[in-house]
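Numbered from 1 within each chain, the chains take letters A, B, ... in sequence-line order.
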Protein chains: 2
Amino acid sequence: MKGQMQTSLKEPFNREKQFANKRRAVIRAAGEAFRRRGYHNTSMTEIAKALGLTKTALYYYVNSKEEILFECHIMVYDAFDECVKEHKGKGANGLSELSTVFSELVKLLTRDGLSLLTDVSSLSGNWQKDVLKRRGKIESRVTDIVKRGMKDGSIRGGDPQLTVFFFMGALNWLNAWYAPGGRLSGDLIAEQFTAQMRNGLAA
Amino acid sequence: MKGQMQTSLKEPFNREKQFANKRRAVIRAAGEAFRRRGYHNTSMTEIAKALGLTKTALYYYVNSKEEILFECHIMVYDAFDECVKEHKGKGANGLSELSTVFSELVKLLTRDGLSLLTDVSSLSGNWQKDVLKRRGKIESRVTDIVKRGMKDGSIRGGDPQLTVFFFMGALNWLNAWYAPGGRLSGDLIAEQFTAQMRNGLAA
DNA sequence: CATAAAATTGACCCTTGAGTCAAATTTATT
DNA sequence: AATAAATTTGACTCAAGGGTCAATTTTATG
């Protein structure tokens, strides 16, 4: 009988895993480019070249450019979801839960790789619908935290949705100015942003 | 001798004025469309149709699509500048000046017509440079207000630029969710956003 | 080594949409 | 009405870029 190696060592020889990895790399590279130059200013050929590939090779891993954009959105939202779930219900009160989550989200976005795209209008039909639904879900989860905080008295009153819109803007705007390795580190940003958000809401 | 009418009555017969007006209307209509569907998802033909014109007619008023995008940016920044200048140095302290300005900016953006575009990467060469320079100037003017506030003790310490990035995000994110005539009125948004910003910064 | 599956390629097709141009139409002026 | 200037149009050109396909190279396996 053949000896079975550990899964981790077998992984590099696992075809499906390899495929999935490469596919993810494509999405990542594309996301990076989209973030910097925008979806429509980035051609498939460019994405391919960045990976040392040919445009045609890309299409072996992906069905369309639009699909890539879609997956870029989903990738971030998955990470967001995980982050929110991880802290769900924890923290002394709504405000402190919110602070933790917000801080983690900033760190997530400044740790290179993931970037929050804003170009939803370039997605058509169901794709756009799905992404918007997804965004809505996350926003409403965060809104729930805010509501919790308003109930337990840690967060000042006001329209909860509007409250969320305000600081979600800060996250989305990150892409426009944040440069990894620049004067402002991810941790610094997380710290100051969180303080600013927290004080803005504290009762 | 011919009698001279008031300028206001003569205006409709003033060729240059007419031209300028129509041109402005083109920029406005385009800006509106860009905001909703994005620059690249809006064709010149669509812009024209929205005005009851033909694509070729647009080119009578404008040299290129890119020029339109450029002017859209400039138009908003002009309005921003005016708003900031109007309140320059006024207010009991930095924080109150900042609050007033911020509130006015929100109102400006929710009063239909003007919209803050984010697609800078679709501009090439000098156009992009100019817009970024312009954006930088405004940000630094606002940053100056923040600095004033930190000096006079009304605003808590921290990196001033980072402070500004935080709440400028809220303005830029407006486009993604604000719908004129919806549940959340411009005035309401202005009020709550300003409170949130103010409390976030108050010493 | 032979074979099949996986991965990659170059050449090609085709649509979309920006921008042009000469001609037609409208508007003001004498 | 005649003329010149201002507007507007339909028909066209052209390049960019997304996507396809048949053929080739690479990789794993018996």
>> If the test is salt bridge (Lys or Arg N to Asp or Glu O under 4.0 Å), which one of Lys90(A), Arg148(A), Lys85(A), Arg141(A) qualifies with Glu97(A)?
In response: Arg148(A)
>> Between P on dT8(D) and CD on Gln18(B), what's the gap in Å once rounded to a whole number?
In response: 11 Å
>> If you assign Thr45(B) and Thr54(A) each to the DNA chain C nucleotide with the nearest heavy atom, which residue ends up on the more 5' nucleotide?
In response: Thr54(A)
>> Rounded to whole Å, please give me the gap between CD in Glu67(A) and P in dT20(D).
In response: 11 Å
> Roughly how many Å is it from NZ in Lys17(B) to P in dA6(D), rounded to a whole number?
Replying inline: 17 Å
> Rounded to the Å, how far apart are Met44(A) CE and dT20(D) P?
Replying inline: 10 Å
> Checking only heavy atoms, does the side chain of Lys22(A) share a donor-acceptor pair with the base of dA7(C) at less than 3.5 Å?
Replying inline: no
>> If you compare every side-chain N and O of Tyr61(A) against the phosphate oxygens of dT8(C) (OP1, OP2), does one of them come in below 4.0 Å?
In response: yes
>> It should be established whether Tyr60(A) places a side-chain nitrogen or oxygen under 4.0 Å from OP1 or OP2 of nucleotide dA7(C).
In response: yes
> Less than 3.5 Å between a donor and an acceptor, one on the side chain of Thr56(B) and one on the base of dG10(D), is that the case here?
Replying inline: yes
>> Taking donor-acceptor contacts at under 3.5 Å, does the side chain of Lys65(A) reach the base of dG17(D)?
In response: no
> Starting at CG of Leu58(B) and ending at C1' of dG19(C), how long is that distance when rounded to a whole Å?
Replying inline: 12 Å
>> Any side-chain to backbone donor/acceptor pair from Tyr77(B) onto Val131(B)? Under 3.5 Å, distance only.
In response: no
> Roughly how many Å is it from CD1 in Ile47(B) to P in dG17(C), rounded to a whole number?
Replying inline: 12 Å
> Which listed nucleotide (dG18(D), dT8(C), dA18(C)) is nearest to the side chain of Ala57(A)?
Replying inline: dT8(C)
> Within a reach of under 6.0 Å around CD of Gln128(B), are more than 12 heavy atoms found that belong to other residues, nucleotides or ligands?
Replying inline: yes
> Do we get Lys65(A) above Tyr39(A)'s six-membered ring, with its NZ or CZ under 6.0 Å from the centre and within 45° of the axis?
Replying inline: yes
> Taking the inter-plane angle between the rings of Trp127(A) and Phe70(A) on a 0 to 90° scale, is it parallel (under 30°), tilted (30 to 60°) or perpendicular (over 60°)?
Replying inline: tilted
> Which of the following nucleotides, dT7(D), dG18(D), dT20(C), is nearest to the side chain of Phe19(B)?
Replying inline: dT7(D)
>> Nearest whole Å is fine: how far is dG18(D) P from Ile68(A) CD1?
In response: 9 Å
>> With hydrogens left out and only the distance checked, is there a donor-acceptor pair under 3.5 Å joining Lys55(A)'s side chain and the base of dG19(D)?
In response: yes
>> Rounded to whole Å, how long is the line connecting atom CG of Leu51(B) with atom P of dT8(D)?
In response: 11 Å
